[in-house]
Student: 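Handing you a structure now.
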Amino acid sequence: MDHTNETEMVLELKDVQASFDDNIVLDNVNLSVKKNDFLAIIGPNGGGKTTLLKIILGLLKPDKGTIKVFGKNPEKGRSLIGYLPQYSLFDRDFPINVFDVVLTARYNRVFKRYSDEDKNIVTNALKSVGMFDYRDRQIGNLSGGELQRVLLARALARRPELLILDEPTVSIDMKAQNSFYELLLKIKETMTIIIVTHDIGVIYPYIDKIACLNQKIYYHGPKEKGLHKIEEMYRMPVELILHDIPHRFLGEHE
Amino acid sequence: MRNAIIAAILASVVCGIIGTYIVVKKIVFISGGISHASFGGVGLGYLIGINPLITAIPFAVLSAVSVGIINRKTKINEDAIIGVIWSVGMALGLIFISLKQGYAPDLFSYLFGSILTVTHSDLILMSILDVIIITIVYLFYKEFLSISFDEEFSTVVGVPTNALYLLLLSMVALSIIVLIRVAGIILVLALLTMPILISRQFIHDNLRNLMVSSSIISAILVIIGLLVSYTLDLIPGATIVLILSIAFIFAFLIKKYIPNLS
Ligand SMILES: Nc1ncnc2c1ncn2[C@@H]1O[C@H](COP(=O)(O)OP(=O)(O)O)[C@@H](O)[C@H]1O
Ligand SMILES: [Mg+2]
C-alpha cells in the first residue's frame, strides 16, 4: 500500500453495546487498534472479552454501535483476520489430520479447490510454529501445547493482517506457554495482534497497549499508563502482577 | 434376490457417505426425527396411490430444512423440535392411512424394511438419489468437512455455514429415503451409524477413507444379513441390524485386544 500505512486503522469500535437475553455484557465500548499494534485485553472472567472478540469477527451481533474492521463491516473485514478461539469445541476424535485442519483456513469460495499455493502456505504456517513434522497426526493425538500451535498455524494460514488470540495459553504448561509467547514475538513484527490473556506478567514486555475490560472499557492506551488500572482490577500491587518481569522492561518506554 | 442385492449396494453407498457425516457431526437424533417425519409422506403415498417412497421425499426434506432453520434462527431447544416433527410426521402418516379405506398390506415394510420385495421402480429411485447425494458431496466436500469439524471457524473464514448445514440435512433426508426399503423408518439409524462405528475402530484420521470403508463394510454386512434372513426365514431388516451389531461388537473387541491393527 502507501506511506500512510503506519497509522492505518485496523479496527474501530464505537459505542458498542451487547447483551445476552437481558444481561448487558458490553456497555458503551469504544476501542481502536492501529496497524502493527500489539494490544492485550485483560479483565476478569465473565468481563465480556470473548464476546467482544466475537463481535469483531461478526459471530455475534451487537445491540448497538458500529464496528469497522479494516474500514468494512465484520463479515467483510474478517477475511483479513486470523482467529484462535478460547474454546475450540471440536471433537478431538474427529477423523482429520493436522494438515487438513490448517488447510480449512485457506477456504476461498464454493467450487474452488485448495490450490498448490494453499498447500504451500499451510506447509509454511506449520513450519513457522514448529509443527510440520506432525502434519499427518490425527488432531486429537497432540498435547495441549502442540494443539495450540496447530491452531495458531491455522490462524496464520489465513495470511492475516490482524491476529486475534483468545486466552491461547490457559490450558498449557509453563514451558509450552513460554515457547508460545516466543513465537508471538516473531510474528509481532509482521502483523497487528490482539490477545486476551491473564498472563499480563509474562506478556508485558512484548505488548504496546492495554485495554482493561469489565463490561466497560476502564482503560485503553499505552501499557505503562495502564498499570495502575490493572492494579485496581486485580486488587494487587503492580510489583506482584509483574513479578516475573525484569525491571528494565517496566521503564523501557518512559 | 438380485434386486435385493442391488438395493443393498445402493443403500450401503449412502450409508457410508452420509452416515459418516451423521456420526462425526453428531446429528444422529436429528436424523431419527427426519426419518420418522417421512412416515407422513409414506401415508400420503398410500392415500393418493403413488409410490410412498416418492411422497416421502418432500416430507423428509421439508422436515430436515425446518429443523435446521428453527435450530439456527430461534432459541427453541433443538431436542424439543426434533421430538415434535418426529411425532407429528408419524401422526400425519397414520391419519392418511386411516383415511384410505381398507387394510394397508405392506405398511410394516416401510416401518421395518422389506429388502426382498424391492421393485424395479424403487431401484431406479434409489439410484437417482444415490447419484444426487454423491454429486452434492463431491461438490461440497471441503465445505462439509469444514463445518463438520469446526463451524465457528468455518464462519470466520467465509464458509456459508447455515446454507451448507441445511444442504447437509437435506442429504440426510434423501439418504433416509434410499434406506427405507432396506431397513425401514424405524431401523435406518442402525444402518447410518453402525458401519461407521465399525470402521472408526480402525480409521482415525481421514474422513474420505472413513466413508469408503464404511460403505464397503456396510455392503458386506447387509448382504450377509440378507442371506442369513433368507436362509433362516427371518425378517430381513431386523436381521441386518443384528448382524451389524454383532460385527460392531467384534470390531470393538478386535480393536481392544489386538491394538496393533489400527
Ligand atoms: N452464549 C451465551 N449465552 C448467554 N450468556 C453468555 C453467553 N456467552 C457469554 N455469556 C455471558 O456473557 C458474559 C461475558 O462472557 P465472556 O465474553 O465469555 O467473558 P470473558 O471472555 O471475559 O470471560 C458472562 O457473564 C457470560 O456468562
Ligand atoms: Mg473468554
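Chain A is the first sequence line, chain B the second, and so forth, proteins listed ahead of strands; every chain is numbered from 1.
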Student: Side chain, backbone, both or neither: which part of L210(B) has a heavy atom under 4.5 Å from chain A?
Tutor: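 L210(B) touches chain A through side-chain heavy atoms alone.
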Student: Nearest 0.5 angstrom please: Y107(A) OH to E143(B) CD, how far?
Tutor: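 Y107(A) atom OH to E143(B) atom CD measures 3.5 Å (nearest 0.5 Å).
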Student: Side chain, backbone, both or neither: which part of L59(A) has an atom under 4.5 Å from a heavy atom of chain B?
Tutor: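 Just its side chain gets close to chain B.
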Student: Contact part of K26(B) toward chain A, heavy-atom cut-off under 4.5 Å: side chain, backbone, both or neither?
Tutor: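 Interface part for K26(B): side chain.
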Student: Any side-chain to backbone donor/acceptor pair from K142(B) onto K112(A)? Under 3.5 Å, distance only.
Tutor: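 Yes, because the side chain of K142(B) sits within donor-acceptor range (under 3.5 Å) of the backbone of K112(A).
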Student: Under 4.5 Å from any heavy atom of chain B, what part of R78(A) do you find: side chain, backbone, both or neither?
Tutor: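 Both parts, heavy atoms under 4.5 Å.
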Student: Less than 4.5 Å to any heavy atom of chain A: does that hold for the side chain of E152(B), its backbone, both, or neither?
Tutor: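 Both backbone and side chain of E152(B) come within 4.5 Å of chain A.
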Student: side-chain contact (heavy atoms from CB on, under 4.5 Å), that's the test. Do I96(A) and L145(B) meet it? Break it down for me.
Tutor: CA-CA 9 Å; I96(A) 191 169; L145(B) 175 64; 4.1 Å; yes
Student: Is any side-chain heavy atom of N206(B) closer than 4.5 Å to one of P95(A)?
Tutor: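 When only atoms from C-beta onward are counted, N206(B) and P95(A) do not touch, as no gap falls below 4.5 Å.
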Student: Please classify the contact between D93(A) and chain B as side chain, backbone, both or neither, with a heavy-atom cut-off of under 4.5 Å.
Tutor: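 D93(A) touches chain B through backbone and side-chain heavy atoms alike.
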Student: Tell me, yes or no, whether the heavy-atom count around K256(B) atom NZ, taken from other residues, nucleotides or ligands under 6.0 Å, exceeds 12.
Tutor: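 No, not enclosed.
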Student: Taking the six-membered ring for Trp, are the ring centroids of F140(B) and F111(A) within less than 6.0 Å of each other?
Tutor: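 Yes.
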Student: Measuring heavy-atom distances to chain A, does R208(B) have an atom under 4.5 Å in its side chain, in its backbone, in both, or in neither?
Tutor: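 Nothing of R208(B), per the 4.5 Å heavy-atom cut-off to chain A.
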Student: When rounded to the nearest 0.5 angstrom, what is the spacing between CG in D150(B) and CG in L151(A)?
Tutor: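 Interatomic distance, D150(B) CG to L151(A) CG, rounded to 0.5 Å: 8.5 Å.
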Student: With a 4.5 angstrom heavy-atom cut-off, which part of F153(B) approaches chain A: side chain, backbone, both or neither?
Tutor: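 When you check distances to chain A, only side chain atoms of F153(B) fall under 4.5 Å.
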Student: Within 45 degrees of the axis of the six-membered ring of F149(B) and under 6.0 Å from its centre: does R154(A) put its NZ or CZ there?
Tutor: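 Output no; distance or angle outside limits.
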Student: Of all of K54(A), R137(A), E75(A), which one pairs up most often with chain B through heavy atoms under 4.5 Å apart?
Tutor: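 The option with the most such pairs is K54(A).
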Student: Counting only non-hydrogen atoms closer than 4.5 Å, does R109(A) touch chain B with its backbone (N, CA, C, O), its side chain (CB onward), both, or neither?
Tutor: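 Looking at R109(A), just its backbone touches chain B.
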Student: Check each atom of L103(A) against the heavy atoms of chain B and say whether the ones under 4.5 Å are side chain, backbone, both or neither.
Tutor: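 For L103(A), neither part sits under 4.5 Å from chain B.
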Student: With a 6.0 Å cut-off (strictly less than), is the heavy-atom count around CG of D116(A), excluding the residue itself, greater than 12?
Tutor: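 Open.
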Student: Could you have a look at P160(B), S148(B), G158(B), S154(B) and say which one has the most heavy-atom pairs with chain A under 4.5 angstrom?
Tutor: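 Winner by heavy-atom pair count: S148(B).
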Student: Around atom CZ of R72(B), are there more than 12 heavy atoms from other residues, nucleotides or ligands closer than 6.0 Å?
Tutor: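 Yes, because the 6.0 Å sphere around CZ of R72(B) holds more than 12 heavy atoms from other groups.
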Student: Roughly how far, to the nearest 0.5 Å, is the NE2 atom of H204(B) from the CZ atom of F94(A)?
Tutor: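 One gets 15.0 Å once the value is rounded to the nearest 0.5 Å.
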